Amino acid sequence: MRYRNRTVFGLAFAMALTGIFDAASAQESSEISILRDALAKMRAQYEGEIARLEERINSLEARQTVAPQDTASLGPSTVSAAQSTAPAEILGGRPTRGNAFNPSIGVVFNGRFSAFKQDPESFSLPGFPLGGETGPGAEGLALDETEFGFSANADDLFFASVTAALDAGEQGVEVDLEEAYIQTLSLPYGATLKAGRFFPALGYLNENHDHTDDFVDRPLPYQAFLADQYNDEGVQLSVILPTELYIQTGGGVFRGADFPAGGSPNGGVGAYSAFLRLGGDIGFSNNWRAGVSYLHSDAEGRVSGEEGAPIEELLSFDGNSDLLIADFKYQWSPEGNVRQRYVTLQGEYFRRYDDGLFNDIPVSAVDDGFYLQGVYKFAPKYRTGYRFALLDPDGGLPAALAGTALDAMGRKTRSHSVMFDWSNSEYSALRTQFTHEKRGLLTDNRFYIQYILSIGAHGAHNF
Amino acid sequence: MPKYLIILLFTLGMLTPGPASANVRVFACEPEWGALAMEIGGDKANVIVATSAKQDPHFISARPSLIAQVRRADLVFCNGADLEIGWLPLLLRQAGNAGVQPGTPGYLEAASFVKKLEVPTSLDRSLGDIHPQGNPHIATNPHNIFSVAQILAERLSAIAPGDRAYFVDRLASFNHRWTEAMTRWERQAEGLRGVPVVVQHSTWVYLVQWLGLNVVVTLEPKPGIPPSTSHLETVLETLRSSPAKMIINAAYENDKPSRWLAERSGLPEVSLPFTVGGSKEADDLFRLFDVTVGLLVENGE
């Protein structure tokens with residue numbers, strides 16, 4: 001009886017191995033050699049066992065105590081073992097595609113309806129000269145940026161990615177090259193070098209594309225200190241240390257073309273950064289990261305104010321600006337199952353030291369700002385969130401600059417936002433947001449309905 | 001000032017000691033592959049498992065702790081077939097570990113070494129969260145695990161050539177015990193051939209094919225899209241004309257749809273562990289299939 005059982009086992013084993021050799025045939029011959037060794041080992045073991053069994057059977061036969069009904073009960077298993085070890089068949093067959101080496105391509109669609117209490121044309125944040133197109137955007141029905149992304153590994157050493165946004169502005173369609181960078185994959189010591197045009201590692205949100213944000217607009221400190229997002233050309237080196245605690249540190253050198261830098265000073269080397277990030281888990285349910293970052297930027301003739309506005313309303317800055325950011329993010333989800341439910345808490349604190357000439361008048365100012373937000377995913381498709389943000393501009397100001405954008409008259413800006421969104425899948429989201437904002441003496445209420453959809457390859461999101 | 005901080009941190013990083021005995025540091029994406037790495041790697045492998053049985057492996061945050069572990073790994077051992085597409089590429093890119101990038105011996109995708117089912121002939125996101133390379137949940141058929149074990153042993157030996165004999169030993173022992181166990185499970189599950197079942201997500205194709213179950217209906221209208229009440233009503237209708245024996249879901253799934261249907265149809269809801277750690281009893285690969293086959297036999301016969 002035992003002997004029959006072994007035959008079944010041997011048959012099943014042989015069938016299984018046939019499957020392996022099929023699968024492994026593409027591997028180099030060394031991979032098969034381990035099988036051969038393992039098999040030899042098993043055979044040795046196996047033969048020993050068979051010999052022992054045979055001996056036992058012989059001795060049993062000699063005493064004529066074999067029970068015949070046992071052998072009969074084994075019948076069907078032979079069939080089942082043989083059937084079930086048949087290799088799984090491929091139902092569709094792998095389609096051969098000529099474009100298998102083409103980069104991942106993705107498009108993000110972004111549109112919204114907005115209603116504002118205050119005219120967005122006259123948007124200002126008291127005490128903060130704004131860069132670029134900072135502001136709540138157009139009122140009513142509008143298409144936001146449509147973002148095209150292409151990325152792929154160029155070879156075993158480099159990854160490359162390009163993202164461009166199309167914007168249907170008043171002067172026709174504008175193309176904004178958001179990112180075009182290369183990144184190393186295989187430097188020693190956990191180092192990664194990034195070069196080109198990209199969003200430098202700075203605070204928490206700066207590296208992320210805004211379609212991954214939890215709220216429709218960037219929080220106040222990002223609007224005031226970075227004109228929504230610092231985007232520049234340069235190189236950035238980062239190193240992840242080989243520790244259990246996540247420790248990433250690095251820095252970069254940049255052209256200095258984007259706010260808060262400006263005018264690509266010092267022969268096109270106008271800004272540099274440094275950052276340190278820590279992170280870890282407490283069990284599977286609690287994840288956190290925290291960091292500090294620093295950006296030094298030089299500005300040469302950096303102009304703030306509406307395009308086409310009269311000269312006296314513009315504010316030109318020459319000097320340097322040092323920005324310190326402390327950020328943290330904490331996520332809790334039951335058993336780490338973020339698909340079902342989670343709560344995230346996130347906040348960033350900004351402090352900026354400006355030293356230079358505003359319209360040729362010497363100014364030395366220290367400005368602060370922060371935001372704090374919580375997002376609760378309460379069902380697989382639904383989330384809600386709240387965000388508070390505050391800007392605290394420097395009090396002192398030369399009399400000659402009274403009445404300009406720098407003059408906050410001692411007033412802070414505060415905003416409260418509430419959002420609710422629904423995601424049918426990870427590729428689509430529909431969001432509504434209400435913001436109540438007090439900018440100096442002005443009170444603004446803003447209401448948004450937004451959709452964000454992505455097609456094609458969809459890059460994974462940062463934690 | 002930041003410069004000194006960086007130097008300080010570098011020094012601290014170098015000083016942090018690692019475990020002394022283990023020769024290969026394995027980063028396993030899922031518990032079943034982590035368990036296999038422990039079977040074959042034994043004391044010579046230090047295995048870190050990135051996810052738990054209670055997590056949906058499609059949806060994992062690429063969080064800092066995982067980046068730190070990939071940074072330190074000698075072998076990244078994952079399921080593949082795009083199961084981890086939402087997080088693993090990001091971990092690999094951010095960790096900057098040259099030894100575990102795809103194409104190196106330090107990167108092993110289990111699904112590349114087995115034949116996949118449900119390879120789609122057309123790709124369209126309106127069909128739900130489909131995987132271009134085929135259904136990724138290969139570990140629900142023990143024969144696939146057996147195949148992957150052989151390749152894993154080879155990779156471990158390539159990374160730590162000095163321990164080759166040890167890994168060969170462990171593999172031979174595993175092969176022996178696993179083949180015996182498979183024969184046992186198959187004999188035990190003979191009566192399940194053709195038994196009609198309802199599944200929540202298309203997680204079980206490999207198990208279904210292995211044991212010859214008959215899937216009457218899937219609760220998710222499309223892969224990854226949670227079923228609505230109206231869809232569940234339709235399922236209930238379907239069950240009237242073609243009755244089933246049980247509703248199968250995985251421990252990590254939200255069991256609301258299954259429970260809804262179980263209450264109305266009177267069918268038992270069978271929550272299978274799906275992977276190692278999915279239930280208290282399923283604490284290694286052998287017990288995983290003991291529990292799985294046991295639950296199916298108990299409810300299906």
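The model shown is predicted, which means the values in this text are computed figures rather than measured ones.
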Output yes when a side-chain donor or acceptor of A:Arg339 lies under 3.5 Å from a complementary backbone atom of B:Phe59, and no otherwise.
no
Would you check if the side chain of B:Gln55 reaches a backbone N or O of A:Gly336 as a donor-acceptor pair within less than 3.5 Å?
yes
Using side-chain heavy atoms (C-beta onward) and a distance below 4.5 Å, is A:Glu244 in contact with B:Gln69?
yes
Region of A:Leu245 that comes under 4.5 Å of a non-hydrogen atom in chain B:
backbone
Heavy-atom pairs under 4.5 Å with chain B, option from A:Gln248, A:Lys381, A:Arg289, A:Gln340 with the top count
A:Gln340
Assess the residue pair A:Asp37 and B:Arg164 against the criterion (side-chain contact (heavy atoms from CB on, under 4.5 Å)); give the C-alpha distance rounded to whole Å, side-chain angles, the decisive distance to 0.1 Å, and a yes or no.
CA-CA 10 Å; A:Asp37 290 2; B:Arg164 193 174 188 281; 2.7 Å; yes
For the atom pair OG1 (A:Thr192) and CG (B:Asn97), what is the distance rounded to the nearest 0.5 Å?
10.0 Å
Interchain contact, B:Arg63 with chain A, by part (heavy-atom threshold 4.5 Å)
both
Which heavy atom of A:Gly280 sits nearest a heavy atom of B:Pro64, and at what distance?
N-CB, 4.4 Å
With a 4.5 angstrom heavy-atom cut-off, is it the side chain or the backbone of A:Lys329 that approaches chain B, or both, or neither?
neither
Would you say NZ of B:Lys256 has more than 12 non-hydrogen atoms from neighbouring residues, nucleotides or ligands within 6.0 angstrom?
no
Pick one of side chain, backbone, both or neither for B:Ala50, based on which atoms fall under 4.5 Å of a heavy atom in chain A.
backbone
Tell me if the CZ atom of B:Arg184 is crowded by more than 12 foreign heavy atoms within 6.0 Å.
yes
Under 4.5 Å heavy-atom distance to chain A, tell me which part of B:Ser52 shows up: side chain, backbone, both or neither.
both
So do B:Ser65 and A:Asn287 actually touch side chain to side chain, heavy atoms under 4.5 Å?
no
Counting C-beta onward and ignoring hydrogens, is there a side-chain heavy-atom pair between B:Ile60 and A:Val338 closer than 4.5 Å?
no
Under 4.5 Å between any side-chain heavy atoms of A:Leu185 and B:Arg93, yes or no?
yes
Report yes if some heavy atom in the side chain of A:Gln331 is under 4.5 Å from a heavy atom in the side chain of B:Ser61; otherwise report no.
yes
Identify which part of B:Val70 has an atom lying under 4.5 Å from any heavy atom of chain A, answering side chain, backbone, both or neither.
neither
Structural part of A:Gln183 lying under 4.5 Å from a heavy atom of chain B
side chain
Tell me if a side-chain donor or acceptor on A:Asn337 pairs with a main-chain N or O of B:Tyr252 at a distance below 3.5 Å.
yes
Separation between CG (A:Asp281) and CG (B:Leu66), nearest 0.5 Å, reads 6.5 Å
CD (A:Glu335) and CG (B:Asp56) are apart, to the nearest 0.5 Å, by 13.5 Å
Heavy-atom distance under 4.5 Å to chain A: side chain of B:Thr51, backbone, both or neither?
backbone
For B:Arg71 and A:Gly190 the tightest heavy-atom approach is NE-CA, 3.2 Å
